[in-house]
**Student:** 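Dropping a structure here in structure tokens format, bear with me for questions.
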Amino acid sequence: MKVYLYDPETGCYQGEDFTDAPLLSDSPAATSCSTTVAPPPYAPGVVPVFKHTKQRWELESVWTLKTRT
């Protein structure tokens, strides 16, 4: 099963990993910072950000993310 990783603080997409479905809860990839929901396609200058409370990805501009810090 493919899982999608995101940063615990920002929600920014960090890549993907694979895990066995029965072992999902025991896998290092299956942390609180992963989801089975695939991020949407995105263009340069845009980053998928996982909204944990909504259980979905939202696209945000890199500029918006830089101004938050």
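Heavy atoms only: backbone and side chains are in, while hydrogens, waters and symmetry mates are out. Count residues from 1 along the sequence.
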**Student:** From L5 CG over to C33 SG, what is the distance, rounded to the nearest 0.5 angstrom?
**Tutor:**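 One gets 8.5 Å once the value is rounded to the nearest 0.5 Å.
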
**Student:** Can you label the angle between the Y42 ring and the Y13 ring as parallel, tilted or perpendicular, going by 30° and 60°?
**Tutor:**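 If you compare the ring of Y42 with that of Y13, the planes turn out perpendicular.
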
**Student:** Would you give the length of the straight line joining atom OH of Y4 to atom CH2 of W57, rounded to the nearest 0.5 angstrom?
**Tutor:**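 Here the interatomic distance stands at 9.5 Å.
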
**Student:** Mind checking the OG1-CD spacing from T36 to Q55? Nearest 0.5 Å is all I need.
**Tutor:**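 Rounded to the nearest 0.5 Å, the OG1-CD separation comes to 8.5 Å.
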
**Student:** What's the shortest heavy-atom distance between T10 and D7, and which atoms?
**Tutor:**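 Answer, listing the atom of T10 first, then D7: N-OD2, 2.8 Å.
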
**Student:** Between F50 and E58, does the side chain to side chain contact (heavy atoms under 4.5 Å, CB included) criterion hold? Intermediate values first, please.
**Tutor:** CA-CA 6 Å; F50 191 71; E58 293 182 4; over 6 Å; no

**Student:** Kindly give the heavy-atom pair with the smallest separation between V62 and V47, and that separation in Å.
**Tutor:**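 Residues V62 and V47, closest heavy atoms: CG2-CG2, 3.7 Å.
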
**Student:** Name all residues meeting the salt bridge (charged side-chain N to carboxylate O under 4.0 Å, His left out) criterion together with E16; count only those two or more places apart in sequence or in a different chain, and write none if there are none.
**Tutor:**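 Testing E16 for salt bridge (charged side-chain N to carboxylate O under 4.0 Å, His left out), a comparison that skips the adjacent residues, returns K2.
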
**Student:** Taking all atoms of both residues into account, what is the closest heavy-atom pair of P40 and L59, and its distance?
**Tutor:**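 Answer, listing the atom of P40 first, then L59: CG-CD2, 3.7 Å.
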
